[in-house]
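These figures come from a predicted structure and were not determined experimentally.
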Amino acid sequence: MRIHHLNCGTMCPWGGRLMGKPADEPGPARLTCHCLLLETDRGLVLVDTGLGLEDIRDPVPRLSRFFVGMMRPRFDEHETAVRQVERLGFSRGDVRHILLTHLDFDHAGGLADFPHAQVHLLADEAHAAQRRASPLARGRYRPQQWGTAGAWQTYAPSEGEEWLGFACVRALVGLPPEILLVPLVGHTEGHAGVAVHTDEGWLLHAGDAYFYRGELNAEHPRCPVGLRAYQTMMEVDRRARLANQQRLRDLVYQHGEAVRVLCAHDPVEFETWAARSPYGQSPHPRAPDLGAG
């Protein structure tokens with residue numbers, strides 16, 4: 001299974017080091033929308049979509065004015081998943097399945113660019129997005145982004161088995177058994193990770209279960225204060241979110257290189273994975289190296 005690492009949306013919030021920017025990096029902070037493109041014997045599979053073409057062309061009303069002002073997306077069409085898929089030599093129709101960690105606007109905006117793909121997510125996330133029961137939910141979930149998406153396949157966590165101490169959903173409809181949906185609730189009601197079994201072991205895309213690489217340090221977890229505040233603002237279940245972060249730290253500590261974990265928004269993680277991929281870097285030009293700090 002070939003895995004491509006795609007940054008499908010760069011966000012440039014103010015806040016500098018408070019938002020994770022290294023001291024020697026000029027300008028505002030930078031966050032990525034780290035997505036995966038999997039080449040499987042069942043066709044192409046996307047893990048999250050980042051921002052889509054219509055988000056770039058007409059941000060409002062597709063995106064919340066509040067979040068656009070806060071996160072300051074770059075709105076670069078070349079970063080959309082569909083354009084990167086095309087630069088790899090595929091067509092949008094080759095993307096047969098999309099697995100979503102959750103339905104936040106910066107993870108699901110590209111759904112409309114793949115109208116024939118089957119969309120997979122936890123049922124609790126679909127229900128929360130449909131209800132939009134709070135001001136936070138109405139800001140983060142944007143029906144304009146996914147109203148034209150293809151068929152949706154939802155899963156209850158109770159349908160799953162165990163994976164390295166986590167509940168998981170193994171029997172994903174139409175997908176190979178090497179791909180699992182792992183509930184990691186807290187950031188949203190139905191937030192999940194996506195685990196992929198490779199020749200080198202397991203790769204777990206943890207979505208927004210954490211935002212900064214230092215949070216997975218087993219002995220001294222750390223996160224810049226601005227990113228920590230943003231995570232708190234966006235959480236729906238603080239206890240569950242923090243408990244799942246601890247479980248991820250334990251997973252990395254206990255299994256080492258057999259299980260590698262990444263999140264959606266850490267730019268250093270993204271650059272590291274894009275560079276080490278045995279199948280080449282992201283088809284979008286790499287941004288400057290932010291260092292390991």
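- How far CD of Glu269 is from SG of Cys263: 4.0 Å, rounded to the nearest 0.5 Å.
- Using a cutoff of 4.0 Å between basic side-chain nitrogens and carboxylate oxygens, Glu189 and Arg131 are scored as salt-bridged.
- For residues 117-130, the set of pairs meeting the salt bridge (charged side-chain N to carboxylate O under 4.0 Å, His left out) definition, not counting sequence neighbours, is empty.
- Dense packing is recorded around CZ of Arg138, with more than 12 heavy atoms of other residues, nucleotides or ligands lying under 6.0 Å away.
- The shortest non-hydrogen separation linking Val173 to Tyr155 is N-OH, 2.9 Å.
- Residues Leu184 and Phe211 do not share a hydrophobic cluster, clusters being chains of Ile/Leu/Val/Met/Phe/Trp/Tyr side chains in contact below 4.5 Å.
- A salt bridge links Arg170 to Glu161: one of the charged nitrogens lies within less than 4.0 Å of a carboxylate oxygen.
- A ring-centre distance under 6.0 Å is not found for His187 and His107.
- Residue pairs satisfying the salt bridge (charged side-chain N to carboxylate O under 4.0 Å, His left out) criterion with at least one member in residues 93-122, sequence neighbours excluded, are listed as follows: Asp104-Arg140.
- Note: Phe75 CZ to Thr80 OG1 = 13.0 Å, rounded to the nearest 0.5 Å.
- Under 3.5 Å, the side chains of Glu79 and Gln84 contain no donor-acceptor pair of N or O atoms.
- Atom CZ of Arg17 has 12 or fewer neighbouring heavy atoms from other residues, nucleotides or ligands inside a 6.0 Å radius.
- For Arg239, the CZ atom sits in a loose shell: 12 or fewer heavy atoms of surrounding residues, nucleotides or ligands are nearer than 6.0 Å.
- The aromatic rings of Phe67 and Tyr230 sit perpendicular to each other, their planes meeting at more than 60°, with 30° as the lower class boundary.
- A donor-acceptor contact closer than 3.5 angstrom links the side chains of His4 and Glu39.
- Under a hydrophobic-cluster definition in which Ile, Leu, Val, Met, Phe, Trp and Tyr are linked whenever side-chain heavy atoms come within less than 4.5 Å, directly or via other members, Leu111 and Phe90 are assigned to the same cluster.
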- Tyr141 vs Phe105, ring pair (Phe, Tyr, Trp, His ring centres under 6.0 Å): CA-CA, chis, key distance, verdict: CA-CA 6 Å; Tyr141 296 131; Phe105 70 93; over 10 Å; no

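- Between the side chains of His34 and Asn7, not a single donor N or O lies within less than 3.5 Å of an accepting N or O.
- In this structure, His255 and Leu164 approach most closely via the heavy-atom pair CE1-CD2, 3.7 Å.
- Taking all atoms of both residues into account, the shortest heavy-atom contact from Tyr210 to Tyr212 is CD1-O, 3.3 Å.
- Nearest heavy atoms, Leu103 versus Ala129: CD1-CB, 3.5 Å.
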- Determine, stepwise, if the pair His265 / Asp208 fulfils side-chain hydrogen bond (donor to acceptor under 3.5 Å, both in side chains). CA-CA 8 Å; His265 298 306; Asp208 285 2; 3.0 Å; yes

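- Using modelled atom types and a 3.5 Å distance limit, the side chains of Glu215 and Gln246 yield no donor-acceptor pair.
- Considering only residues two or more places apart in sequence or on other chains, His97 meets the side-chain hydrogen bond (donor to acceptor under 3.5 Å, both in side chains) condition with His120.
- For the pair Arg72 and Trp14, the cation sits on the ring face: its NZ or CZ lies under 6.0 Å from the ring centre, inside 45° of the axis.
- Rounding to the nearest 0.5 Å places CZ of Arg92 at 13.5 Å from CG of Leu44.
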